[in-house]
Amino acid sequence: MYQYNEVDQITVDDRCREFRDQVERRIEGTLSEAEFKPLRLMNGLYLQLHAYMLRVAIPYGVLNSIQLNKLADISDKYDRGYGHFTTRQNIQFNWPTLEEVPDLLEELATVQMHAIQTSGNCIRNITSDPLAGVAADEEVDPRPICEWLRQWSTLHPEFRYLPRKFKFAITGSANDRAAIKVHDIGLRLRKGPNGDPLIDLWLGGGQGRTPKIAQLFKQGLTVEQLLPYLEATLRVYNLHGRRDNKYKARIKILLAETGLEALQAQVQEEYEALDKSPFVNSVAELKALYPHFAQPLVDVAQASEIANVIDEKLSGEEVARWYKQNTRDHKLAGFRSVMISLKPAGGIPGDATSAQMRALAAIAKRFSRDELRVTHRQNLILPWVAEKDLYAVWLALREIDLAESNIDLPSDIIACPGMDYCALATARSIPVAQDISKAIRKTELQHDIGKLAINISGCINACAHHHVADIGVLGLDRAGVENYQITLGGRSDENARVGERMGPGVSADELPATIERVVKFYIKERRDDETFSLTYDRIGKTEFKTAVYGVAE
Amino acid sequence: MAAVKIKDYSHGVMLIANNLLSGLSVYLNSDHQWLLLENLAQGKAAVAYSEQEAAELLASINPDDFLCPVVDPYIIQLDGNGKPSHSRELLRATGPSIRYGAQATQGTNDVSI
């Protein structure tokens with residue numbers, strides 16, 4: 001994985017010193033809250049319902065054991081012994097104090113981490129396929145481009161005060177696991193003619209109150225063209241994005257209001273006029289990043305020998321189920337990626353305790369080339385596990401209650417922090433996720449149901465991606481009472497689409513039974529291994545709506 | 001954060017904010033101190049019963065003073081039992097309704113709002 005160079009470290013260290021000074025000035029009363037708030041947000045520090053919350057960036061979801069150990073230490077020292085992994089592949093701490101945040105950030109900087117640009121109207125953490133570099137179906141490893149764009153976008157002087165936040169997601173696989181079509185810019189990397197990738201740029205996707213699926217904006221960009229083209233795109237957005245209305249300020253609205261062809265023409269004009277001289281070394285800089293992501297040396301003979309000898313211990317029923325559900329094909333023979341579910345029975349989606357983090361760091365160091373990934377479904381991945389080690393990994397995960405084999409199954413629920421933590425939330429997400437998970441576990445064999453995404457957002461901002469779930473749940477406030485609206489048939493993959501809203505919301509008490517009815521209806525109606533969205537398309541909204549409300553309307 | 005509009009002053013309203021240093025939710029008592037709810041003695045909250053009284057209460061803490069010890073103060077409505085009447089404010093007063101950290105998966109959630 002990428003290691004900071006001197007410039008990266010100086011940048012982060014300088015920012016730590018700068019923010020310490022800003023915090024000191026706020027506390028001594030020479031900065032007002034109005035002056036301080038945008039400064040703390042630029043450093044990922046929010047003020048939530050009960051306390052401050054610090055969002056720490058995990059660039060494209062890649063972590064090593066030293067970093068995860070540090071996150072564990074931080075959660076013990078500055079928080080309450082746990083952290084929350086998010087749908088943006090970040091981690092959030094829910095209880096830091098203002099006075100201690102500068103110390104916390106300095107500790108983070110010692111392991112090449114920070115909270116810069118995890119909030120504010122700037123380019124946020126760049127997310128990617130959590131199986132980047134290891135997926136069997138991958139065409140192009142997106143990590144070098146991710147890192148290149150991380151460097152380009154970090155403290156970019158022109159894009160620090162955009163009309164609104166700006167999110168990138170990047171994939172190098174036809175099977176989109178990064179939800180690129182619901183990001184402001186999604187990049188799909190394809191194999192190019194001379195070893196360099198060609199890049200398709202999807203623009204204007206997003207969720208929130210106006211969900212939009214991105215449109216193919218520019219096809220086949222070369223690496224030489226990519227940075228100037230992005231710069232031109234962001235520049236047009238910076239100039240013309242709606243600053244008068246925060247609900248219309250994302251690029252998806254600019255695209256809708258301007259029209260695809262007109263916006264393409266504006267960007268093309270800007271691109272052609274752009275001074276390209278600052279980019280003269282940029283491709284060389286990209287190429288210098290490749291060695292950081294080189295495939296580890298593997299003894300091919302040994303690997304294929306290993307591949308032929310799958311541990312017979314994996315034949316036990318429980319571990320076999322885990323192997324099937326929680327491990328994925330790998331680029332290299334003899335290896336698999338291990339998905340770690342952060343959705344144990346009764347648990348909080350995405351939460352990990354400090355003890356679990358430390359144990360995972362040790363497992364990653366011993367069995368996964370010192371590397372972990374964070375997924376946008378709020379789980380973790382060990383990307384480099386030799387098949388011969390799978391049984392040992394399973395045992396080690398079981399020790400820390402993280403061997404539940406429910407990846408992609410209905411209890412693998414995405415939930416935002418909701419009103420239990422978030423100041424923007426209009427309803428709770430976590431307890432309803434727990435209740436739904438409980439109902440699903442009790443009534444059906446999840447493994448018979450198969451892949452099904454249930455995503456629960458506690459407000460219209462849609463942090464839990466409810467618009468693009470098979471079953472989406474949106475928590476609202478109806479006259480002081482929590483109320484949950486259901487959407488069905490959404491997808492976040494390469495065929496992304498926004499789900500359809502069913503009708504009036506239901507109460508928290510009614511919600512688990514409502515979801516259960518929908519799941520049972522799907523099981524009854526599906527043909528063979530038909531996915532939820534295909535069944536939904538075939539059967540139609542009206543029938544599913546009847547299932548939602550339990551009676552024909 | 002946008003405060004919920006007060007519709008009814010008959011049971012009184014009180015002031016809530018976040019402590020600047022800790023970030024924790026705090027309430028104003030009748031001695032003009034900002035306290036965690038658990039430290040707020042019974043019946044000692046500063047309560048106002050009209051829009052004007054509420055505005056005076058808010059003004060009395062000088063929220064725009066750089067040295068104000070709290071952030072984002074606003075008025076919340078109380079119910080007949082002296083508790084926040086809106087579910088959000090009640091949740092804010094009583095903390096997360098779920099067990100978290102090492103206790104998350106221990107037993108069932110018995111915290112209700």
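Within every chain, numbering begins at 1; the chains are lettered A, B, ... in the order of the sequence lines, protein sequences first and strands thereafter.
Taking the side chain as every heavy atom from C-beta outward, Ile348(A) and Tyr100(B) approach each other to under 4.5 Å. The shortest side-chain heavy-atom distance between Pro96(B) and Arg428(A) does not fall under the 4.5 Å cut-off.
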query = Checking side chain to side chain contact (heavy atoms under 4.5 Å, CB included) for the pair Trp95(A)/Leu24(B): CA distance, chi angles, key distance, verdict?
reply = CA-CA 8 Å; Trp95(A) 304 97; Leu24(B) 297 176; 4.1 Å; yes
Full working for side chain to side chain contact (heavy atoms under 4.5 Å, CB included) between Arg26(A) and Val71(B) = CA-CA 11 Å; Arg26(A) 174 68 188 103; Val71(B) 179; 4.3 Å; yes
inquiry  = Run the side chain to side chain contact (heavy atoms under 4.5 Å, CB included) test on Leu21(B) and Ile27(A) for me, step by step, so that the C-alpha distance in whole Å, both residues' side-chain angles and the decisive distance to 0.1 Å come before the verdict.
reply    = CA-CA 8 Å; Leu21(B) 301 182; Ile27(A) 291 172; 3.7 Å; yes
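Ranked by heavy-atom pairs shorter than 4.5 Å toward chain A, the options Asn19(B), Ile16(B), Leu20(B), Asp65(B) are led by Leu20(B).
Asp64(B) does not touch chain A: none of its heavy atoms, backbone or side chain, sits under 4.5 Å away. Contacts of Glu28(A) with chain B are made by backbone atoms alone, with heavy-atom separations under 4.5 Å and no side-chain atom involved.
Considering all non-hydrogen atoms of both residues, Ser32(A) and Phe66(B) come closest at CB-CE1, 3.1 Å.
Although no hydrogens or angles enter the test, the distance criterion places no donor-acceptor pair under 3.5 Å between the side chain of Arg88(B) and the main chain of Ala427(A). Side-chain atoms of Ser22(B) do not come within 3.5 Å of backbone N or O of Thr97(A) as any donor-acceptor pair.
The closest side-chain donor-acceptor pair between Asp477(A) and His86(B) falls under 3.5 angstrom.
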